[in-house]
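What follows is one structure encoded as structure tokens, with my remarks underneath.
In this text, all values refer to a predicted model and were calculated from it rather than measured experimentally.
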Amino acid sequence: YKSSNGGQSWTTVTNPTQPAFYPFADYMLSIEVRPQDTNFVLCGGDKSLYTRDGGLTWTKLPYSKVDHHTYVFDHFKPNYVWVGNDQGVSRYQITPTQIYITNWIDGYSIAQIWAGSYFPSGDNSMLGIQDNFFMSNFNGDSVFQGYKQYGIDGCFTHVNQQDTNVVFISGNDAQIFRCDSFFTSASPQFNICLHELDADSNDMCDDEPWHVNQLEMNMLDGAQIYFATENHIYRTINSGDNWAAISNSYDTVAAKPMVVAVSNALHPVLYAAGVGGFFCRIDSAYNAQPGDEINLSSSSPSWLLNKGKVNCLKVHPADDGIVYAAIVVDNDTVSHLWKITNAKSASPVWTDISGNLDKTFNVNWIEVDPLRPDSFLFAATDYGLFSTTDAGLTWNRETAVPLITIYNMRMRPSDRKLFVYTFGRGVWLAQLDPGNPLSVDDKSDEPLIKIFPNPRSEEHTSELQSR
């Protein structure tokens, strides 16, 4: 629509007809008018289009990436416009006859991270990136490095803690890739490793995968990986060379698994949860068979049967009968954080641990301090990072971390270092001490929080002191 009188009346203009332009209009839809020429309009959805004739005709922006969110015309150089999308930021120049890209800021590391994984030591991470497949970050480098395949979401990643040459990455629809020579090869190669799960050889799981599938590795045995589709829970014990279902089919029921968590054991207890109130336990998941799962769904809060989903489970590191759950639900009257006790019995007990946390905040992930797992917890939300030191009675936002959506974080138990992976503001690290959240061990010279990459196109240093 177009108004030429300040919004008093509106007329329709020709809609862009490019395919898949509006696939997710609630997520990516933007429009901007050139100040010097109101007939020149940029419109963004999956792709970027522009018109020079007030919307009569539309042309695709050259080198247009995917998922466009914003345009900014340069007030000082009116022939230039900045374009923001899921791949980053680019600059275009407008001439009377054409529009062309002049700068693609590939090192402007504001990537939207779905999930990440740590290495056994140091500050290195493997990152699953929205529409950028996967990247890596080493030793706080200001630029993310890695393999990029634009238009494909990088999802969950894992590093074998016993052999760091073995790295797993995943994409949409449970595309799972493995590299066996990450550090020993100058050009590491990632190969699909679905095998039995990909009978039609289209590099995607055949068994109704979710758009983003959570993979969980047994950190004591990196050859073990577990994940859930809508229909089954799967396991590999040989790094993806073979996969086996370890549950019966859920094809005909509404309650379905989405996420899994394993206990701290070589033959772990596995818990799975998801939509429709689904909740189950599989004892000794390493050698479990379909039918070994124990249905615990009747213990779930009743409102979960019809609305919401469990987005993350975390098994207590010292007691495999205790599980923490993070909930995503469009309901501001219920808790989004729960502690499940007696989980190894037939009647688990769900206890609300949301305390003073705003019930409008979805909780996407939960992590626990391995030293104080009953009281010291972290919650990743759509509105930043929160922590509690009193088992959930009170939650405080960690203001050193940006106010941004966080879908995933990981606690490395060996040194109690928390890796926080944000959806657009880089990777944040915190070294825990026995006292306050995100404070520094007295024996460490490291700062309170280290940010990298800082989203700047030139070198920049920031320091935050201990509280």
Side-chain angles (χ1 to χ4, degrees), residues 20 23 114-115 117 126 128-134 147-160 166-182 188-218 221-262 268 270-276 278 280 282 284-293 295 309:
W114 276 114
S117 56
M126 295 297 299
I129 309 289
Q130 169 92 355
D131 288 326
N132 282 272
F133 206 21
F134 89 94
Y147 175 77
K148 302 176 185 178
Q149 189 167 338
Y150 295 120
I152 296 179
D153 293 338
C155 301
F156 279 77
T157 71
H158 276 293
V159 177
N160 186 319
V166 181
V167 175
F168 294 85
I169 59 175
S170 66
N172 297 134
D173 303 311
Q175 296 173 297
I176 303 175
F177 302 82
R178 187 184 78 208
C179 174
D180 294 321
S181 57
F182 189 75
Q189 298 297 309
F190 284 81
N191 300 305
I192 198 80
C193 60
L194 288 172
H195 301 292
E196 297 94 337
L197 302 184
D198 183 24
D200 57 5
S201 300
N202 67 346
D203 292 347
M204 290 184 283
C205 176
D206 299 332
D207 191 30
E208 295 297 327
W210 299 99
H211 185 60
V212 176
N213 288 264
Q214 176 193 337
L215 303 184
E216 286 302 304
M217 175 181 283
N218 186 338
D221 176 6
Q224 295 181 45
I225 296 179
Y226 303 84
F227 78 101
T229 68
E230 292 190 36
N231 294 339
H232 291 91
I233 301 168
Y234 287 99
R235 171 201 66 211
T236 179
I237 57 175
N238 55 15
S239 298
D241 287 341
N242 301 101
W243 295 89
I246 57 173
S247 72
N248 286 325
S249 174
Y250 304 108
D251 181 38
T252 60
V253 297
K256 295 182 180 294
M258 289 187 72
V259 300
V260 299
V262 295
L270 179 144
Y271 293 91
V275 297
F278 184 94
C280 83
I282 300 177
S284 190
Y286 180 86
N287 50 26
Q289 301 295 319
D292 288 347
E293 67 272 22
N295 187 348
K309 62 180 180 179

Show the nearest heavy-atom pair for residues [X] and [Y], with the distance to one decimal.
X: Ala255; Y: Gly276; answer: CB-O, 3.5 Å
X: Ser117; Y: Thr157; answer: OG-OG1, 2.7 Å
X: Ser247; Y: Pro290; answer: O-CB, 3.5 Å
X: Thr229; Y: Cys205; answer: CG2-SG, 4.0 Å
X: Pro257; Y: His232; answer: CG-O, 4.4 Å
X: Met217; Y: Val159; answer: SD-O, 3.4 Å

Residue list, side chain to side chain contact (heavy atoms under 4.5 Å, CB included) with Ala223, at least two apart or on another chain: Asp221, Ser239
Interatomic spacing from [atom1] in [X] to [atom2] in [Y] - rounded to 0.5 Å:
X: Asn248; Y: Asn295; atom1: CG; atom2: CG; result: 11.0 Å
X: Asp292; Y: Cys280; atom1: CG; atom2: SG; result: 11.0 Å
X: Ile282; Y: Tyr226; atom1: CD1; atom2: OH; result: 9.0 Å
X: Glu216; Y: His158; atom1: CD; atom2: NE2; result: 4.5 Å
X: Leu194; Y: Gln175; atom1: CG; atom2: CD; result: 8.0 Å
X: Asn160; Y: Phe182; atom1: CG; atom2: CZ; result: 13.0 Å

Would you please indicate yes or no on a ring centroid separation below 6.0 angstrom for [Y] and [X]?
X: Phe227; Y: Trp210; value: no
X: Phe133; Y: Phe190; value: no
X: Tyr250; Y: Phe278; value: yes

Flag side-chain contact, heavy atom, 4.5 Å: [X] against [Y]:
X: Ile233; Y: Glu293; answer: no
X: Asn231; Y: Lys256; answer: yes
X: Asp241; Y: Arg178; answer: yes
X: Asp198; Y: Asp203; answer: yes
X: Asn172; Y: Val212; answer: yes
X: Leu197; Y: Asp206; answer: no

Is there a side chain to side chain contact (heavy atoms under 4.5 Å, CB included) between Asn213 and Ser170 once you walk through the steps? CA-CA 8 Å; Asn213 288 264; Ser170 66; over 6 Å; no
Is it true that the side chains of Tyr234 and Asp207 contain a donor and an acceptor less than 3.5 Å apart? yes
Side chain to side chain contact (heavy atoms under 4.5 Å, CB included), that's the test. Do Val259 and Lys309 meet it? Break it down for me. CA-CA 10 Å; Val259 300; Lys309 62 180 180 179; over 6 Å; no
Within the side chain of [X], is there an N or O that forms a donor-acceptor pair under 3.5 Å with the backbone of [Y]?
X: Glu196; Y: Asn242; answer: no
X: Asn202; Y: Met204; answer: yes
X: Thr236; Y: Ile225; answer: no
X: Arg235; Y: Gln224; answer: no

Consider side-chain contact (heavy atoms from CB on, under 4.5 Å). Of Ile169, Val260, Ile176, which one does Leu215 pass it with? Ile176
